[in-house]
Amino acid sequence: MTDLPYRVAPEISPFPSGSAALSDDSIEALEQADKRHLWKPFTQMAGYIAGRPLVIQDACGNWLRDVQGRPYLDGVSSLWVNLHGHNHPRIVAALKEQLDRLDHATLLGPTNVPATMLAARLVQIAPGDLTRVFYSDSGSTAVEIAVKMAYQYFAQHRDPAERARNVFVSMTNGYHGDTLGSVSVGGIDLFHQVYAPLLFETLKAPAPDPYHVAFGQSVDEHEDACLTELARRLDAHAGRVAALVMEPLMQGAAGMLAHSPRYLAAAAKLARDAGALLILDEVATGFGRTGTMFACEQAGVEPDLLCLAKGISGGVLPLAATLATEEIHDGFLGEHNEYRTFFHGHSYTGNPLACTAGLASLAVFREEDVLARVQDRIAQLAARLETLAEHRHVGDIRRHGLMTGIEVVRDRSTGAPFDASLRVGARVVERALDHGVLIRPLGDVVVLMPPLSITPDELDLLTGVVLHCIDEVTAELAS
Ligand SMILES: *Cc1c(COP(=O)(O)O)cnc(C)c1O
């Protein structure tokens with residue numbers, strides 16, 4: 001397993017050759033400032049401060065480079081946001097032009113050109129009858145808004161019988177962001193426990209998780225059992241459920257827990273039959289990650305509310321959107337003094353620069369035929385993963401399109417994990433960094449989520465390094 005191309009990482013990066021290292025003094029100053037003043041997301045700062053930070057200074061294509069001048073392949077698209085590579089010339093040019101024209105103007109009152117144009121484009125590409133675009137700036141707010149919209153829609157429904165719908169059904173292991181509303185509809189205990197008294201209650205339905213819950217059993221049967229549980233909750237609260245909230249095809253943050261399009265279609269139908277709205281969170285799965293523009297297309301499912309963020313700006317600027325049907329939007333129409341208005345908005349709602357990046361990213365999809373071209377990379381990834389799947393410490397590989405989770409286990413015959421204190425996922429990721437590949441684990445799941453623009457050589461490097469590092473790290477731990 002050692003004849004893999006892992007050491008060639010720096011050589012195949014597209015950065016021009018020559019030293020790009022900052023001076024030792026500058027690096028020292030940066031590292032000190034970082035350790036003293038930055039409070040990092042999802043990070044135990046005690047361990048962080050004790051280590052040495054990886055300080056990124058620039059990017060080229062699918063690569064990032066640190067202040068020492070070392071290149072790293074961006075194997076998780078800078079946490080699932082980048083689509084077309086960094087500093088894509090089409091997006092950079094559009095942003096430079098927009099920056100000379102208009103930086104920001106409020107969407108409270110006036111509107112602006114890029115926000116209007118992007119709304120029209122999003123509606124064109126969105127599944128089903130989504131006609132209205134409400135902007136915000138993160139995946140968390142996109143979900144928060146969808147939840148508030150669904151709640152208010154029913155609270156002021158013209159049919160009084162519908163006003164009893166104030167309950168949300170959400171999924172175990174769901175992740176929808178970190179604001180209190182999006183945490184309330186989430187299902188990852190580790191992130192949610194401490195805030196429990198601040199959250200509102202939801203009905204939790206078991207999401208499919210055959211590997212951990214029904215090891216060795218039929219996936220179809222497991223998914224059917226999950227559907228039965230979902231139906232049971234909807235029945236028990238008939239006439240009271242406002243919406244079902246879920247991530248279609250892939251529960252990302254939970255560790256890439258996948259379900260079938262068949263399950264998604266059946267769950268959506270159960271919600272609809274119960275008179276509930278369907279809120280799909282495509283913050284991670286949207287914009288081509290699963291091989292189609294939106295994951296729900298693969299199940300022929302059309303949501304009432306669709307949450308978008310992460311890839312929406314090509315991964316360049318913070319932007320999010322909650323798309324709604326005309327029917328939901330109509331429910332908010334009335335005279336001022338009827339107070340049917342959706343009282344929600346942010347200072348930077350519809351920021352012209354972020355929307356320009358979104359428009360340019362969609363132009364890249366068209367001009368470079370991205371969705372057609374990525375099919376070859378998906379096939380290549382699937383083939384490489386077949387080799388990985390044979391490794392004695394790889395228990396499960398879950399994938400839709402380029403979204404991939406590789407679960408590293410102690411014993412693949414039983415699915416028994418390594419002891420959590422061994423941090424096997426983190427060790428694999430640390431080792432990969434030595435080989436010029438930047439990825440991030442979710443527990444013992446090694447996540448691959450390369451940009452849609454990844455080249456064949458880069459994809460071989462990514463999978464080769466990951467296989468090599470899993471092999472090395474597990475051999476060390478087992479001995
Ligand atoms: C990342 C993510 C969010 C939260 O998005 P932020 O921009 O980090 O607030 C919500 N839902 C899903 C499915 C995500 O993957």
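Each ligand, and each atom within it, is numbered from 1 in the order the structure gives. Note that the structure is predicted; figures quoted are calculated from it, not measured.
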message: Tell me whether Glu282 contacts the main-chain N or O of Ala295 through its side chain, where contact means a donor paired with an acceptor under 3.5 Å.
response: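 Checked: pair present.
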
message: Considering only residues two or more places apart or on different chains, which pairs with a residue in residues 240-261 satisfy ring pair (Phe, Tyr, Trp, His ring centres under 6.0 Å)?
response: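 Passing the test, one end in residues 240-261: His259-Tyr263.
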
Mutual orientation of the aromatic rings belonging to Phe365 and His84 [parallel < 30°, tilted 30-60°, perpendicular > 60°]: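 The rings of Phe365 and His84 stand perpendicular, inter-plane angle above 60°.
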
Under 3.5 Å, which donor-acceptor pairs do the side chains of residues 306-313 form with other protein atoms, sequence neighbours left out?
residue, atom, partner, partner atom, Å
Ser313, OG, Gly315, N, 3.4
Ser313, OG, Val316, N, 3.2
Ser313, OG, Leu317, N, 3.1
Ser313, OG, Leu317, O, 2.6

message: Given Leu270, which partner from the list Leu278, Leu230, Leu244 fulfils the side-chain contact (heavy atoms from CB on, under 4.5 Å) test?
response: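 Among Leu278, Leu230, Leu244, the one meeting side-chain contact (heavy atoms from CB on, under 4.5 Å) with Leu270 is Leu230.
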
So what's ligand 1 close to, N/O to N/O, under 3.5 Å?
residue, atom, partner, partner atom, Å
ligand 1, 5 (O), Gly139, N, 3.3
ligand 1, 7 (O), Gly139, N, 2.8
ligand 1, 9 (O), Gly139, N, 3.3
ligand 1, 9 (O), Ser140, N, 2.9
ligand 1, 9 (O), Ser140, OG, 2.5
ligand 1, 11 (N), Tyr175, O, 3.4
ligand 1, 11 (N), Asp281, OD1, 3.3
ligand 1, 11 (N), Asp281, OD2, 2.6
ligand 1, 15 (O), Lys310, NZ, 2.7

field: Sequence-distant partners of Ala284, side chain to side chain contact (heavy atoms under 4.5 Å, CB included), two or more places apart
entry: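 In terms of side chain to side chain contact (heavy atoms under 4.5 Å, CB included), with neighbours along the sequence ignored, Ala284 is linked to Trp80, Met403.
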
